[in-house]
Amino acid sequence: MPSTITITLPDGTAREYPEGTTAADVASSIGKRLAKAAVAAIDNGDEIDLGRPLHDGDQVAIVTEDTEAGRHVLRHSTAHVLAQAVTQLFPGAKFSIGPAIENGFYYDFDLPGGKTFSEDDLAVIEARMREIIAADQPFTRSEVSPDEALRIFADQPYKVEIIERVSSGGDELDSGEVDGSSGAISVYRNTGSGQGPGGPVDFVDLCRGPHVPSTGRLGHFALQKVAGAYWRGNEKGPMLQRIYGTAWESDAALKAHLEQLAEAEKRDHRKLATELDLLSFPSELGGGLAVWHPKGGIVRKLIEDYSRMRHERGGYEFVFTPHLTKSTLYETSGHLAWYADGMYPPMEMDNGTYYMKPMNCPMHCLIFRSRQRSYRELPLRLFELGTVYRYERAGTLHGLLRIRGFTQDDSHIYCTAEQLPGEIGSLLDFVLSVLRAFGFEDFTFNLSTKDPDKYVGSDEIWETATDALRSVLDDRGFEYSIKEGDAAFYGPKIDVDVRDAIGRSWQLSTIQCDFNHPERFELEYVGSDNQRHRPIMVHRALFGSIERFFGVLLEHFAGAFPTWLAPVQVRVLPVSSAHEGYADQVARSITAVGGRADVIRAVDPLGKRIRAAKLEKLPYVLVVGDDDVAATTVGVNPRGGEVERGVALDVFVKRFADEVAEATALALDADNAPAPDALPA
RNA sequence: GCCCAGAUAGCUCAGUCGGCAGAGCAUUUCACUCGUAAUGAAAAGGUCGAGGGUUCGAUUCCCUCUCUGGGCUCCA
């Protein structure tokens, strides 16, 4: 056995260390700053504690606190401190799992006697956590046999369940809770300050680790909220009490995160919808059902008009279908069997059973099937702004983002297998082009593939379609993640996520192949060989739901719609009553070029009227006074810009009209000349 | 659907240990006629989410429901 060991660092350099050297020692040997920032290490690909001895020949990298991996360690360790605090403050509390999550961590508890946490408890728990952190308790890892672990956690039923599952060979590791891969089970103990690893144990938890060396490394955290959560995510299982928190490597990072949350709250579409008088959810209607006020209505109309215009140019044909249908339609499509729970309850009438429609696809299939189809008609692209109703469970409703009555910008494309790759490609280009017109530039893609346990259609057709989707993404050089087995049973799909102005990701568009509907509705076309063939159907939702898209747009723009979408584009403010006639004239020259302008008379002081316009986030405020009346000019106060006095009226009108025209024409260049196969037959 | 927390004027929010309901903004009226983010005064505005219970008396305490928020679960 050599008395020195050789360690290889990430940059390829090899260093010699005495036997028994730990990752912490390596970090110190490289530099003080690194040693200070180190929270864990990666040893031959495995994350380990800094205090673990290394072996000859190991490849070692130090994990620092300012990386995602490092924050993960901080968060996971903070979760342990949370559990320690709760078990000390609430004797008899059972704890289950407490993983690090994006931006933070949580821990689930079961309090004795069915007690629950209140928001007030958070401050008390947080104070105790800070005491534990101040005590600088070391995290000490040890490995025990399953029997030993069961003894340690004898009064912790959730831990017992995890140990039993892991030791019975289940390969499922509970959210990083425990490392059972070696047959032994790892546990981490926190011991009191100054007592060292052999001192009295304050807290012990099952854990795979790694953890920071001691609780003193933590502290830039905040507890955020309490919530209910099912044990193991099973809604038939017990409901646990979950505490969420966030933790970072520094107070600056913590503060930045909390500010980001505050910014998101300011942009909340429900708040903005009320403030800007766009829409409301009257309780008289019931949950998840919105009414659109004039200002929200005009924006929605503009979105829909633009969508229709683009679809018309894109070779789609417009169809309309009813909101109610007999149950037989959904028996044919198979939806009733799978999704009856998500549909509004049946209505009995005329000796039939009727349902509100939860989707448009089966009706579009009936349109396809209404007469014999020729291959010359394909691809057939049907488009509908179809309003559907789904019985979303009460607890899932969320403003416009999860709603019970909504309008899909739904299209169904029927094509041949040969046409599929080209069709998917032009669909994706079309989708992105339209999204860009609404100010979204940053897209991510997910490709969902066959769930081997639940699918219809032949393996060949799945393979063809999946290849088509994949090559479309590859050809365009788009990065995408593959979600194995995530496809619906009827076909593979591409989902498009957009990133908004403050970096949040929203799933909007979807392009889904469907081998099920054509089968169930026995759709056929006559090919050039004079034989009957089954078409492939592609579902394509662009905005997904108009309501949801509107909500996302509202948050993206923080209520400040771009000029072409703003409910009021130009507000004209006469300085005094004497200028009202001229103000009206200015407004008329805006409406003459298709703009939306209003005039607020001089009953309130100018400053107050300007402030009101700014709070309404209007793109342009025009102030007109004596000088302007005399010279036919306006004072331009643009949103987010500098005031410009004495702008000639016709100059402003042209500038305004050009801006609007440009915005709506922007994305049109791409499909001004539709591909030959995109033209209606 | 489940857990927790809520619901007071159009909006944001005080308040009532069970005894005639409060502010600011918004609205209306009057005065002010003003050059780029809040002029002054007055008025009006409420079944204190709905229904039931306890009580001499309930907006307040209890129960049920509806709706909302945060989660969980679900999402064709």
Side-chain angles (χ1 to χ4, degrees), chain A residues 106 108 110 114-121 224-244 265 268 270-271 274-277 280-289 330 333-343 357-362 388 390-399 401-403 408 410 488-490 493 507 510 512 514 516-517 539 541 544-545 573-580 601-616 621-628 634-638 642-646:
Chain A
Y106 67 79
D108 285 349
D110 189 358
K115 274 201 295 190
T116 57
F117 293 118
S118 73
E119 300 280 333
D120 300 336
D121 293 330
Q224 295 172 297
K225 52 202 172 193
V226 296
Y230 296 110
W231 167 236
R232 308 195 64 79
N234 172 10
E235 66 178 312
K236 304 233 161 43
M239 173 69 68
L240 305 177
Q241 295 292 310
R242 175 171 297 179
I243 293 179
Y244 281 95
E265 202 173 321
D268 189 311
R270 295 161 300 186
K271 195 170 135 79
T274 304
E275 283 172 9
L276 301 176
D277 195 16
S280 58
F281 291 89
S283 57
E284 289 83 346
L285 296 188
L289 298 168
Y330 297 117
S333 72
H335 286 106
L336 208 48
W338 280 301
Y339 300 113
D341 287 351
M343 291 165 66
K357 77 169 163 181
M359 79 289 296
N360 305 299
C361 4
V388 298
R390 295 182 183 177
Y391 176 70
E392 302 286 0
R393 294 160 88 184
T396 65
L397 298 174
H398 181 87
L401 303 182
R402 192 80 180 266
I403 197 171
Q408 295 181 306
D410 208 1
F489 69 91
Y490 51 72
K493 62 172 178 174
Q507 201 227 299
T510 182
Q512 312 189 346
D514 184 346
N516 184 52
H517 271 95
H539 300 254
S545 126
L573 302 180
V575 171
S576 80
S577 307
H579 313 116
E580 280 171 11
R601 303 194 305 124
V603 280
D604 282 322
L606 183 63
K608 182 174 185 174
R609 287 176 289 150
I610 291 193
R611 177 178 154 82
K614 293 296 178 188
L615 292 176
E616 282 181 61
V621 178
L622 302 183
V623 174
V624 295
D626 287 336
D627 301 349
D628 300 297
V634 292
V636 182
N637 185 338
E642 294 294 308
V643 171
E644 195 182 349
R645 287 281 297 270

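Given the structure is predicted, the values throughout are model-derived calculations rather than measurements. Throughout, a chain's letter reflects where its sequence line sits, starting with A, and its residues are numbered from 1.
At a cut-off of 3.5 angstrom, counting only N and O atoms as typed in the model, there is a donor on one side and an acceptor on the other between the side-chain of Asp628(A) and the base of G35(B). One N or O donor and one acceptor, one from the side chain of Tyr230(A) and one from the base of G1(B), sit under 3.5 Å apart. Donor-acceptor pairing under 3.5 Å, judged by distance alone, is present between the side chain of Arg402(A) and the base of C75(B). Between the side chain of Ser577(A) and the base of U33(B), at least one donor-acceptor pair of N or O atoms lies under 3.5 Å. Judged by distance alone with a 3.5 Å cut-off, no donor-acceptor contact links the side chain of Arg611(A) to the base of U36(B).
Contact annotation for Gly287(A): backbone-only contact, meaning every heavy-atom pair under 4.0 Å involves sugar-phosphate atoms and none involves a base. Contact annotation for Gln224(A): no contact, since no heavy-atom pair falls under 4.0 Å across all strands. Counting any heavy atom pair closer than 4.0 Å across all strands shown, Gly288(A) reaches sugar-phosphate atoms only and no base atom. His539(A) comes within contact range of no nucleotide atom at all, as no heavy-atom separation falls under 4.0 Å. Base contact: Gly625(A) has a heavy atom under 4.0 Å from a base atom. Ala602(A) comes within 4.0 angstrom of a base, heavy atoms only. Residue Thr116(A) is in sugar-phosphate contact alone, with no base atom involved, counting any heavy-atom pair closer than 4.0 Å across all strands shown. Residue contacts shown for Val603(A) include a base, since a base heavy atom lies under 4.0 Å away. Nucleic acid contact for Arg393(A): base, since at least one base atom lies under 4.0 Å from a heavy atom of the residue. Residue contacts for Gly607(A): at a heavy-atom cut-off of 4.0 Å it reaches the sugar-phosphate backbone alone, with no base atom in range.
Remark: the separation of the C1' atoms in U55(B) and G71(B) is 38 Å, to the nearest Å. Spacing between A50(B) and C67(B) at atom C1', rounded to whole Å, works out to 10 Å. Look at the P atom in both A26(B) and U64(B): the space between them is 42 Å, to the nearest Å. If you take atom C1' in U29(B) and the same atom in G19(B), they sit 36 Å apart, rounded to whole Å. Using C1' as the reference atom, U27(B) and A9(B) are 11 Å apart when rounded to the nearest Å. Atom name P, nucleotides C75(B) and U12(B): the rounded distance is 34 Å, in whole Å. The gap from the P atom of C11(B) to that of U47(B) amounts to 12 Å, rounded to the nearest Å. C56(B) and U28(B) are spaced 41 Å apart, taking the C1' atom of each and rounding to whole Å.
When all heavy atoms are compared, the tightest approach of Ile403(A) to Leu289(A) is CG1-N, 4.5 Å. When all heavy atoms are compared, the tightest approach of Pro638(A) to Glu642(A) is CD-O, 3.2 Å.
Base pairing of A76(B): no nucleotide in any strand meets the Watson-Crick or G-U wobble criterion (both distances under 3.5 Å). Pairing for G40(B) goes to C30(B), judged as Watson-Crick or G-U wobble with the two contacts each under 3.5 Å. The partner of A23(B) is U12(B), judged by Watson-Crick or G-U wobble contacts that both fall below 3.5 Å. Nucleotide C2(B): paired with G71(B) (Watson-Crick or G-U wobble, both distances less than 3.5 Å). Nucleotide G45(B) forms no Watson-Crick or G-U wobble pair with any nucleotide shown, as no partner meets the under 3.5 Å limit on both distances. Across all strands shown, A7(B) forms a Watson-Crick or G-U wobble pair with U66(B), both key distances being under 3.5 Å.
One atom, CD of Glu275(A), and another, P of U12(B), lie 8 Å apart when rounded to the nearest Å. Distance Tyr106(A) OH to C4(B) C1': 17 Å, rounded to the nearest Å. The interatomic distance linking Asp341(A) (CG) with U73(B) (P) rounds to 18 Å, in whole Å. In this structure, the NE2 atom of His398(A) is 16 Å from the C1' atom of C74(B), given to the nearest Å. For Phe281(A) and C67(B), the CZ to C1' distance is 12 Å, given to the nearest whole Å. Atom CG in Asp110(A) sits roughly 18 Å away from atom P in C72(B) (whole-Å rounding). Taking atom CG of Asn234(A) as the reference point, atom C1' of C74(B) lies 13 Å away to the nearest angstrom. Put simply, CD on Gln241(A) is 18 Å from P on G70(B), counting in whole angstrom units.
Of the candidates C75(B), G71(B), A37(B), C75(B) carries the atom nearest the Arg390(A) side chain, counting heavy atoms from C-beta on. Taking every side-chain heavy atom of Leu606(A) into account, G35(B) is the closest of G71(B), U73(B), G35(B). Set against U39(B), A76(B), U36(B), the side chain of Gln512(A) has A76(B) as its closest nucleotide. Here the nucleotide nearest the side chain of Ala227(A), chosen from G70(B), U36(B), C72(B), is G70(B). Closest to the side chain of Asp626(A), from the set C2(B), A38(B), G35(B), is G35(B). Closest to the Leu397(A) side chain, of the nucleotides A76(B), G35(B), U68(B), is U68(B).
Atom CZ of Arg232(A) is separated from atom CG of Asp108(A) by 11.5 Å, given to the nearest 0.5 angstrom. Here Tyr490(A) contributes atom OH and Ser333(A) contributes atom OG; the two are 11.0 Å apart, rounded to the nearest 0.5 Å. The structure places CG of Asn637(A) at 3.5 Å from NZ of Lys614(A), a figure rounded to the nearest 0.5 Å.
Relative ring orientation between Tyr330(A) and His335(A) is described as perpendicular, the plane-to-plane angle rising above 60° on a 0-90° scale split at 30° and 60°.
Of the side-chain N and O atoms in Tyr244(A), one or more sit less than 4.0 angstrom from OP1 or OP2 of C72(B). OP1 or OP2 of G69(B) sits under 4.0 Å from a side-chain N or O of Arg270(A). Between His579(A) and C34(B), a side-chain N or O to OP1/OP2 separation shorter than 4.0 Å is absent. Listed pair Lys225(A) / C72(B) fails the phosphate criterion, with no side-chain N or O lying under 4.0 Å from OP1 or OP2.
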Which is it for Arg609(A) and Arg601(A) under the side chain to side chain contact (heavy atoms under 4.5 Å, CB included) test, yes or no, and what are the steps along the way?
CA-CA 9 Å; Arg609(A) 287 176 289 150; Arg601(A) 303 194 305 124; 6.0 Å; no
Side chain to side chain contact (heavy atoms under 4.5 Å, CB included) between Val636(A) and Leu622(A), worked out:
CA-CA 5 Å; Val636(A) 182; Leu622(A) 302 183; 3.9 Å; yes
